[in-house]
Number of protein chains: 2
Amino acid sequence: MTEPHWLTPEQLAAWTRLVAVVELLPGALDTQLQRDADLTHFEYFTLAMLSEADNRSLRMTALASRTNATLPRLSHVVSRLERRGYVRRTPADDDRRAIIAQLTDDGWQKVLATAPGHVDTVRQNVINALDERDTEDLRRIMAKVLDRLDPEGRFGMSTGPM
Amino acid sequence: MTEPHWLTPEQLAAWTRLVAVVELLPGALDTQLQRDADLTHFEYFTLAMLSEADNRSLRMTALASRTNATLPRLSHVVSRLERRGYVRRTPADDDRRAIIAQLTDDGWQKVLATAPGHVDTVRQNVINALDERDTEDLRRIMAKVLDRLDPEGRFGMSTGPM
DNA sequence: TACCTTTGGTTGATGCTACAAGTATTACCG
DNA sequence: CGGTAATACTTGTAGCATCAACCAAAGGTA
């Protein structure tokens, strides 16, 4: 036995399965979105977060928080989305360091066109596998884990639609 | 917005939290392993799977299965690990197409040295946040999701015991 | 035998992410 | 005020993952 059983068998079983999901899920999401919309899941998620925000716009920092991303990563992604015409950057009025990212009409249309297929994939790969109790349990457990991964709550978690 | 298959608030809450975990967990694991052992989590996991196998060796295909990886990805990673002296490649006797990856003594020592700190991180970020019931629920739910992500069980953990 | 398909694995190009600087603006503090 | 620190964001680079293309061996078929 290599990894000395500092975890109980039950803990180990839960952990290995979680690791497998963490490894496989991103690929499943990216494959569908790449094929159907030429978007990575992170790009789609970024557009989706903007689409739900007031005025379909957010400061980069706030957007980074909602997408669980670092600012450098977001900056690159927004650059790509801007180049494709889905997002517009404008300086903020109140703070001249800040930049506001806003969804363009094209970006809004892109979200509308992409969401149904994406939701289908989510259902297919995750949601439909779970009954009501599973869903509640999953929410409870992921909330607890998130509290460890992000104790300060720097990364916000939207409760609105995807 | 026509959404024939949208998600209930409870499903949505579970999903967004799962997505956040999937986004944040790899970084947490990679950061610790990179800092303490100069390994990515996937590299460590690959070494760990080898260390548990008979004779500390596995065919590339079997190793890919246990690490939830594609063969191209694994091939690149094993090349790096081989270059660093942790793994050795040898042709298989029974099938001349096949390659057997075996953990070297250095690789074994690397796993021994790295495991404790890694398990600490796993506990800190996930396991310690969960009580017994959570752990059981997590295992059950991840098994169900894996069954969707990998219906054929090509990757190791889809069903069955550890 | 010859042929076609499948399996096992590697390799190279492309693209995204993480990390480390760097710039510019604002906040803090004596 | 003046100076330092902290915040907001961008950019360049290095490294890993993905995908397509490729080769070689094995299995099937006639």
Side-chain angles (χ1 to χ4, degrees), chain A residues 22-35 38-46 57-84 87-102 152 154-155, chain B residues 22-35 38-46 57-84 87-102 152 154-155:
Chain A
V22 164
E23 200 65 55
L24 295 177
L25 186 51
L29 302 177
D30 280 332
T31 296
Q32 180 264 324
L33 284 167
Q34 200 68 53
R35 170 170 45 84
D38 193 28
L39 290 174
T40 65
H41 176 251
F42 184 76
E43 287 169 342
Y44 170 78
F45 199 73
T46 301
S57 63
L58 284 170
R59 286 177 53 155
M60 292 292 283
T61 316
L63 184 54
S65 167
R66 299 201 193 195
T67 54
N68 308 298
T70 59
L71 215 32
R73 180 185 184 186
L74 180 66
S75 184
H76 281 128
V77 169
V78 167
S79 293
R80 295 196 301 266
L81 294 174
E82 192 178 25
R83 212 171 296 130
R84 293 170 67 179
V87 170
R88 171 174 40 243
R89 271 178 167 115
T90 50
D93 296 345
D94 52 333
D95 187 335
R96 284 148 77 155
R97 296 168 300 179
I99 298 275
I100 299 196
Q102 182 174 30
E152 285 91 16
R154 289 180 23 251
F155 299 108
Chain B
V22 165
E23 199 65 55
L24 295 177
L25 187 52
L29 301 178
D30 280 331
T31 297
Q32 181 263 323
L33 284 168
Q34 201 68 52
R35 170 170 45 84
D38 194 27
L39 290 174
T40 65
H41 176 252
F42 184 75
E43 287 169 342
Y44 169 78
F45 199 72
T46 301
S57 63
L58 285 170
R59 285 177 54 155
M60 292 293 283
T61 315
L63 184 53
S65 168
R66 299 201 192 193
T67 54
N68 309 298
T70 60
L71 217 31
R73 180 185 184 187
L74 180 66
S75 183
H76 280 128
V77 169
V78 167
S79 294
R80 294 196 304 265
L81 294 174
E82 193 178 24
R83 212 170 297 130
R84 293 169 67 179
V87 171
R88 170 174 40 242
R89 272 179 168 114
T90 50
D93 297 343
D94 53 333
D95 188 335
R96 286 175 156 181
R97 297 168 299 179
I99 297 276
I100 300 198
Q102 181 174 31
E152 286 92 17
R154 292 183 12 258
F155 300 109

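The shown structure was predicted, so the numbers you read here are calculated from the model rather than taken from an experiment.
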B:Phe42 atom CZ is separated from D:dG15 atom C1', nearest whole Å, by 15 Å
Comparing nearest nucleotides in DNA chain D, the 5'-proximal residue of the pair B:Gln34, A:Ile100 is A:Ile100
Go through the steps to decide whether B:Val22 and A:His41 satisfy the test side-chain contact (heavy atoms from CB on, under 4.5 Å), and finish with yes or no.
CA-CA 12 Å; B:Val22 165; A:His41 176 251; over 6 Å; no
Across all chains, not counting sequence neighbours, the side chain to side chain contact (heavy atoms under 4.5 Å, CB included) partners of B:Glu82 are B:Arg89
In whole angstroms, the gap separating P of C:dT10 from CG of B:Leu63 amounts to 11 Å
Separation of C:dC19 atom P from B:Gln32 atom CD, nearest Å, is 13 Å
Side-chain (B:Ser75) to main-chain (B:Leu71) donor-acceptor, under 3.5 angstrom: no
Here the distance between atom C1' of D:dA17 and atom CG of A:Asp30, to the nearest Å, is 11 Å
Residue set satisfying side chain to side chain donor-acceptor pair (under 3.5 Å) with B:Arg73, at least two apart, ordered chain then number -> A:Glu23
Note: B:Ser57 and B:Ile100 closest approach over all heavy atoms is CB-CG2, 3.8 Å
Across all chains, not counting sequence neighbours, the side chain to side chain contact (heavy atoms under 4.5 Å, CB included) partners of B:Asp94 are B:Arg59, B:Ala92
For B:Leu24 and A:Asn68, the nearest pair of non-hydrogen atoms, with its separation, is CD2-O, 3.9 Å
Separation of D:dT18 atom P from B:Asn68 atom CG, nearest Å, is 12 Å
Numerically ordered, the residues 73-82 of chain A set in heavy-atom contact under 4.0 Å with DNA chain C is A:Arg73, A:His76, A:Val77, A:Arg80
Sorted by chain and number, sequence neighbours left out, side chain to side chain contact (heavy atoms under 4.5 Å, CB included) with A:Arg96 holds for none
A:His41 atom NE2 is separated from C:dC16 atom P, nearest whole Å, by 16 Å
Applying side chain to side chain contact (heavy atoms under 4.5 Å, CB included) to A:Thr40 and not counting sequence neighbours gives A:Asp30, A:Gln34, A:Phe42, A:Glu43
Whole-Å distance, A:Arg83 CZ to C:dC16 P, equals 9 Å
Check: Reckon A:Ile99 touches a base, only the sugar-phosphate, or nothing at all at heavy-atom distances under 4.0 Å?
Finding: sugar-phosphate
The residue, B:Gly27 or B:Arg89, whose nearest nucleotide of DNA chain C is more 5′ is B:Arg89
Provide a list of protein-nucleic acid N or O atom pairs under 3.5 angstrom, restricted to nucleotides 21-25 of chain C.
unit_1: C:dT25; atom_1: O2; unit_2: A:Arg97; atom_2: NH1; d: 3.4

A:Leu58 CG to D:dA8 C1', in whole Å, measures 15 Å
